[in-house]
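See below for the structure under consideration.
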Amino acid sequence: MASRFNPLKADAAWQKAWEENRTFAARDDSPKPKSYVLEMFPYPSGRIHMGHVRNYTMGDVLARFRRMKGMEVLHPMGWDAFGMPAENAAMEKKVHPGAWTRQNIATMKAQLKRLGFALDWTREIATCEPDYYGQEQSLFLDLYEAGLVYRKESAVNWDPVDMTVLANEQVIDGRGWRSGALVERRKLNQWFLKITDFADDLLEGLQGLEHWPDKVKLMQENWIGKSEGLQFTWSLSNGEGLTVYTTRPDTIFGASFVAIAADHPIAQQLAAGNPEVQAFIERCKQGGTTAAELETQEKLGWNTGLTAQHPFDANWQVPVYIANFVLMDYGTGAVFGVPAHDQRDFEFATKYALPIRRVVSEGDKTAAEFDGSEAYTGPGTLVNSHFLDGLDVAEAKREVIRRAEEGNWGTGSTVWRLRDWGVSRQRYWGTPIPIIHCEDCGPVGVPKDQLPVTLPEDVSFDVPGNPLDRHATWKHVDCPKCGKPARRETDTLDTFVDSSWYFLRFASQPSDQPFDKAVAEQWLPVGQYIGGVEHAILHLLYARFFTRALRHIGRIDVAEPFAGLFTQGMVTHASYYQLEEHDGLERKLYFEPTQVSFRADGSAYLTDTGAEVTVGRVEKMSKSKKNTVDPTEIVDQYGADATRWFVLSDSPPERDLEWSESGIEGAWRFVNRLWRLFDGLENAEGEDKDLDRKLHRTIAGVAEDIEALTFNKAVAKLYELTAAIEKAKPSASRTAAIRALVRIVAPMVPHIAEEAWAALGETGMIADAAWPEVDPALLIDDEVTIAVQVNGKLRDTLVMPKGAAKDIVEAAALASDKIVRSLEGKAPRKIIVVPDRLVNIVA
RNA sequence: GCCCCUGUGGCGAAAUGGUAGACGCAUUCGACUCAAAAUCGAACGCCGAGAGGCAUGCUGGUUCGAGUCCGGCCAGGGGCACCA
């Protein structure tokens, strides 16, 4: 045996051996129990960063561990390859998005391979390849056929200078990121998937997800947002009816105005003959489409002069406003305002001097005159509300709904916060939507024998906008139904569609269909899905929906795609930037951590030029903020095992981790300590009971920690075991412990484990070896340390035989000198004994 | 603005409501060495000579006992439907 471990040599040798033996290729026909371990596939942004290393190492340890436990493991990898950054690169660097993306994939694949992940590369997928997105187009057509796809108008961020649609990320402080123009909301006809058809099912389904974090289920529940409400119609002074939705029908007597969206038909009607209304409506369209922006912008209203008649009082009229905070997309595009009990309405009423009338009591406050400085949204009893007085909020809601239905002017209905999923993107680098628009036939699906609809290669990104739309020939096709000249849909699909079924394609990838039902069902659902917590809502909800939709059309008998979910914390890092002025507007120009140096006072400058840079927030590593850290240097210097061990150590995986390299030296030291143990293996005689116990407790504990993905605890246990072995005198126990240690550390540091396995003369590869057996008899202690407290404060500890009777423990505690001293002669009033743990004497 | 999460030594952290700080990093001292590296041993929350006291963001509560449960704050992070 060589006396020093050479990670660079060992890494390369074993990675080659695994590849040549196809060690990690999952067999569909294996008789072993199957396990599907999946990490969220990466966007090929350029190079991998520490967040990727953390994510994929966690999944890898679990995959390798389950193999050792005798399972057939599917652990695949692919690329979420469509997306905006490729088009940005095309604009900035004059490269084709496809070329840029494929180059990034090649780079990142090599980086992943360098870390020795137990991945089945035979199933690799890139969503930007026609054999993937063509199958996606076929699924889209199936969903269209089933009525789960439809078209409607919806708002986008419009840059009036570049004449293009902007993503939310491209809107900075209300302006287009390139043009600097004030962004406005504009309506486009777009494709939608009917996720709301499954709202109830998606909500109910959360109940059964036992192996999902509670916080994710809670976030999804809130996102879906089921609430019971009332839809009813106000009679307007112009004789028309105005239908509103409310989740607070109980506050009906607190109404002081009705507000409609700027694009509500009634508002449009008023604008037709009134330039002032028209101007106001234009003003409402300013700004982007995000909820954060809409909810924090200044509340604007326009009194239409119309009034609405209160449903319970023919003599009570409230004014009708057009307001910028009412959205046509939600409910009916009209609401009634109750200033005393809704903060937004409160601000609006304060601004426009509308009455604020209390109808829900707050403690002993019951006067109709509202005296608060903000709306009261808590529980209470109804007041100033005629027949509702004295009821609580829930009772009052039911009563109003009952009367509305009885009087035939409204209906109780379930309201969902969840909206249908808009999947149209006015961009090139995505899956073409397989639809042809015909003047006579309307939208017609591309016949399946003409799939895939591939992206044209000859496109330019010299001007803003969608290259598909201005391509000379691509969109001109004949209608598949009537044969007349027609127009191909030039929008592409949201990349979240690509990531909503990739786990099915990993399980089965025939060339003639998206996946084989029977084969996919052998692997699904994914046993353990691991990815960043930032995907807690959108990606995970879309994937859950898409799987249900596929079940609905009979493609698969699985409702929930991910049985187990683990959301890892993000790897964060400070960002560095300079403020740059451009056409009178300030913007941030970001720099990579490697470009920056620091002075003693913490201030930062560019290493090359000495120019000052601002140290920004500590936030998740992302390409756009350039605050990523590339693992290459670390892997080159310390090897894959030390790098893997390092990212598993210390920080609990669900918690965010601010990146720091301090500690990598410790990981490297540990790898070398292991090697010294493996290298110095002696064949000694004799038993070491304490070491046997330590070993078996570690085998059991590490197994538990790996399944629970609490790797930091597994690492701590392995440090303890290693220290114990190092200190132990030679014995048969010690020899056995070292041989077992090779296997226990194998999932985490597989290269050194293979090297040691071979050197110790074991047969085959450790990747195929079994996890060591635990002797349950060795898990039990015969002695325990019992804490003795007086009034809850620790005063002494006792070593007692395990399972000692309560009275014996109590007597021993009272006999202790320290306890006698602490009691100062006071008589115990009460003694609490927790078996094998503690005694608390209350005096 | 709304939803979710996090907060413990110099740092990363551990702790079924039951001995707060396991394990690692850094630091200091010692051994080995001509020397250095590597390695090994020891110390290491704060105050105090000691006995002991004080400590888990702040604050109030429940409990024999709270880092852990509940209420109110503060700070940081994530998501908010076109970043992925």
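So you know, we letter chains A, B, ... as the sequences are listed, proteins then strands, and number each from 1.
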Under the side chain to side chain contact (heavy atoms under 4.5 Å, CB included) test, which residues partner [X], sequence neighbours left out?
{"X": "A:L538", "value": "A:W223, A:F496, A:Y542"}
{"X": "A:V53", "value": "A:I48, A:M50, A:T57, A:L115, A:P631, A:T643, A:V647"}
{"X": "A:T698", "value": "A:K694, A:V702, A:K717, A:L718, A:L721"}
{"X": "A:D197", "value": "A:L148, A:K194"}

Task: The single option from A:F646, A:W645, A:W675 passing ring-ring contact (aromatic ring centres under 6.0 Å, His included) against A:F670 - done: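 Only one option passes, and that is A:W645.
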Task: N-O pairing of A:K351 and A:E298 below 4.0 Å - done: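 Yes.
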Task: Syn or anti conformation of B:rG9, syn meaning chi within 90° of 0 - done: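 Syn, which is what one calls it when the glycosidic angle falls within 90° of 0.
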Task: Parallel, tilted or perpendicular: rings of A:W429 and A:F82 (30°, 60°) - done: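 Rings of A:F82 and A:W429: perpendicular, as their planes differ by over 60°.
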Open item on the list: Using OP1 and OP2 only, check whether a side-chain N or O of A:N791 sits under 4.0 Å from B:rG65.
Closed with: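 A:N791 to B:rG65 OP1/OP2: no side-chain N or O under 4.0 Å.
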Interatomic distance where [atom1] belongs to [X] and [atom2] belongs to [N] [whole Å]:
{"X": "A:W668", "N": "B:rA38", "atom1": "CH2", "atom2": "P", "answer": "12 Å"}
{"X": "A:W645", "N": "B:rG12", "atom1": "CH2", "atom2": "C1'", "answer": "15 Å"}
{"X": "A:N672", "N": "B:rA37", "atom1": "CG", "atom2": "C1'", "answer": "13 Å"}
{"X": "A:Q220", "N": "B:rC5", "atom1": "CD", "atom2": "P", "answer": "14 Å"}

For a quick check, with a 4.0 angstrom heavy-atom cut-off, what is the B/S/- contact string for [range], read 5' to 3'?
{"range": "nucleotides 19-32 of chain B", "value": "B--BSSSS------"}
{"range": "nucleotides 67-84 of chain B", "value": "----------SSSBBBBB"}
{"range": "nucleotides 52-62 of chain B", "value": "-SS--------"}

Which atom pairs, donor and acceptor, lie under 3.5 Å between side-chain atoms of residues 826-837 of chain A and protein residues at least two apart or in another chain?
unit_1, atom_1, unit_2, atom_2, d
A:D836, OD1, A:G803, N, 2.8
A:D836, OD2, A:G803, N, 3.4

Open item on the list: Going by side-chain hydrogen bond (donor to acceptor under 3.5 Å, both in side chains), name the residues that satisfy it together with A:E707, two or more places apart in sequence or in a different chain.
Closed with: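 Partners of A:E707 by the side-chain hydrogen bond (donor to acceptor under 3.5 Å, both in side chains) criterion, ordered by chain and then number, come out as A:R66.
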Open item on the list: Run the salt bridge (Lys or Arg N to Asp or Glu O under 4.0 Å) test against A:E293 and tell me which residues pass, sequence neighbours left out.
Closed with: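 Expected list: none.
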Task: Which residues share a salt bridge (Lys or Arg N to Asp or Glu O under 4.0 Å) with A:D214, sequence neighbours left out - done: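 With sequence neighbours excluded, A:D214 shows a salt bridge (Lys or Arg N to Asp or Glu O under 4.0 Å) to A:K217, given in chain and number order.
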Open item on the list: Just to be sure I understand: a Watson-Crick pair is purine N1 to pyrimidine N3 plus N6-O4 or O6-N4, both under 3.5 Å. Using that and G-U wobbles, which stems of three or more pairs involve RNA chain B?
Closed with: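 If one scans RNA chain B for consecutive Watson-Crick or G-U pairs, the stems found are B:1-7 with B:74-80, B:10-12 with B:23-25, B:27-31 with B:39-43, B:45-47 with B:52-54, B:57-61 with B:69-73.
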Open item on the list: Is it true that, when you exclude A:D173 itself, more than 12 heavy atoms of the residues, nucleotides or ligands shown sit nearer than 6.0 Å to its CG?
Closed with: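 Counting neighbours around CG of A:D173, 12 or fewer heavy atoms of other residues, nucleotides or ligands fall under 6.0 Å, so no.
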Task: Any donor-acceptor pair under 3.5 Å from A:W191 side chain to A:I433 backbone - done: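 Not confirmed, A:W191 side chain does not pair with A:I433 backbone.
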